[in-house]
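Notes follow once the structure below has been shown.
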Amino acid sequence: MKKTNDKTDAELVALTLRNPDYFAELVNRYEKKLFRYVRRLGALANEGVEDILQDSFLKIYMNLNGFDPELPFSSWAYRITHNEAISYMRKSKGAQTVPLQSDDDDSADLIKILESEIDVAKDASRNDSIERVRIAIRLLPEKYREVLILRYMEDLNYSEISDILKMPMGTVATLVNRAKNKFKEIAKRKKLDELINTP
Amino acid sequence: MNHLSKDILEKIKKGQVELRPKWYFRALRTAIWSAVIFVSIFAALSSAIVIRHVLSTDWELARSISDNSIISTLSLLPYLWIGVITLLILASDLLFRNTNKGYRYRTTSVIMASVIISLAIGTGLFAADADQPFEAVIRKNIKPYEQWETKRQVKFVAPEKGGIAGEVESADKEIIRIRDFRGNSWDIDTKETKYTRGRLPEKGERIGVMGEKTQEGAFKAKRIRSWNGFKKHSASLEHRSQNQ
């Protein structure tokens, strides 16, 4: 018999429907990933992120009977969490935010995009590039920020992003391209850090 | 087990959150798909009505009696129904997007498919005359619709310009008596008319007439066409005068 942590997501969903204790395994599996995702999406303080995460998992549990096994559970979990996060951020506009949390690995792909475009990035230090990435992402419109984070920080493919954001793959591809261009445009500006404080 | 999963399990066990039952999701899916089908049927019926209006309009008569043939042609298009179809197709796209996998298809593809399906089924409904009872119900219950129809029909009553349209009150081989859409009676001279198809118009049938006004209440027909749609009433009477 498989141990709990060897079971697939779909198997755990089926088991949870019989016994809610199995839901703990799903929570443990996705907690860190979704925590990081929400943090990147909204640059919120830990407390806000934890609230969103708890609400998301409760919603996931509530809707388990509606889970379509043809969809990867991870995409479904991301989708519910994404919607909860967006809803929370819209309700609490002006809530305290923190600098976008990301480490070198998270920003690596986005730094590569920058380095291919702007001379500043080649001459600048690694820290400066990371800072530019953080600020540029924060300044992006919501629709571009979310696809860029899903694609380059969460490392998801277009099909997964399509399932999460509930839009056609072609639209995802278009948004990613536009997001990259907008991101480069913002990141190229000299006094980037001043923009963040401009109302 | 970490504190988050512990908190969540506690809430579940206390009954603060419950599983939504399977029937809830089945009912939701059924409701959405039913709405998609319902809206599509209405779009198809509306398409059938547009086809009927376009085919039963005497474009030739309209152009001959108008000052500006392009504007008059455009003004006779059934914009009301075209508007209804547009709204219904947009609604079906919105509903389809909320099905399990509907979001994977581009809006333009869904709309194009809806238009094609509406036209295809609409053509079938038109051929079966299935749109007429539907339109009759609307005409009976929505007064402004009847007024809109009358307004469109009245444009064809222009005897001074050589055209009238109305409902047949009586018909024989030489004279057809009609009441035009403005409520005036006309005796249509069809003495030298040759039937190119079918039969004399029947009492109650609506027809369009091209010709010339001979005197008040009298009209000589060069051409008469049935009004109520292409399929059943395609009789067309050609005037072959001795002078030609």
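Every chain is numbered from 1, with letters handed out A, B, ... down the list of sequences.
- Looking only at heavy-atom pairs under 4.5 Å with chain A, the residue among B:Asn100, B:Val17, B:Ile12 that has the most is B:Ile12.
- Chain A forms the most heavy-atom pairs under 4.5 Å with one residue out of B:Lys22, B:Arg29, B:Arg26, and that residue is B:Lys22.
- Classification of A:Asp21 and B:Lys13 as a salt-bridged pair holds, one side-chain N sitting under 4.0 Å from a carboxylate O.
- Heavy atoms only, all atoms of each residue included: A:Pro168 and B:Tyr105 are closest at CG-O, 3.4 Å.
- Contact detail for A:Ala24 and B:Leu9: the closest heavy-atom pair is CB-CD1, 3.7 Å.
- Heavy-atom pairs under 4.5 Å with chain A peak, among B:Thr107, B:Ile8, B:Asp7, at B:Ile8.
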Step by step, work out the side-chain contact (heavy atoms from CB on, under 4.5 Å) result for A:Asn65 and B:Trp23.
CA-CA 9 Å; A:Asn65 271 320; B:Trp23 64 258; over 6 Å; no
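- Only the side chain of B:Phe25 comes within less than 4.5 Å of a heavy atom in chain A; its backbone stays farther off.
- With a threshold of 4.5 angstrom between heavy atoms, A:Glu70 approaches chain B through side-chain atoms but not through N, CA, C or O.
- Using a 4.5 Å heavy-atom threshold, the side chains of B:Leu4 and A:Glu50 count as separate.
- Contact of A:Leu71 with chain B is made through the side chain alone, with heavy-atom distances under 4.5 Å.
- Among the candidates A:Asn63, A:Leu26, A:Leu17, the residue making the largest number of heavy-atom pairs closer than 4.5 Å to chain B is A:Asn63.
- For the pair B:Glu18 and A:Tyr61, the tightest heavy-atom approach, listed with the atom from each and the gap, is C-CE2, 4.3 Å.
- Residues B:Arg97 and A:Lys166 form no side-chain contact, since every pair of their non-hydrogen atoms from C-beta on lies 4.5 Å or further apart.
- The cationic atom of B:Arg20 (NZ for Lys, CZ for Arg) does not lie both less than 6.0 Å from the six-membered ring centre of A:Phe67 and within 45° of the ring axis.
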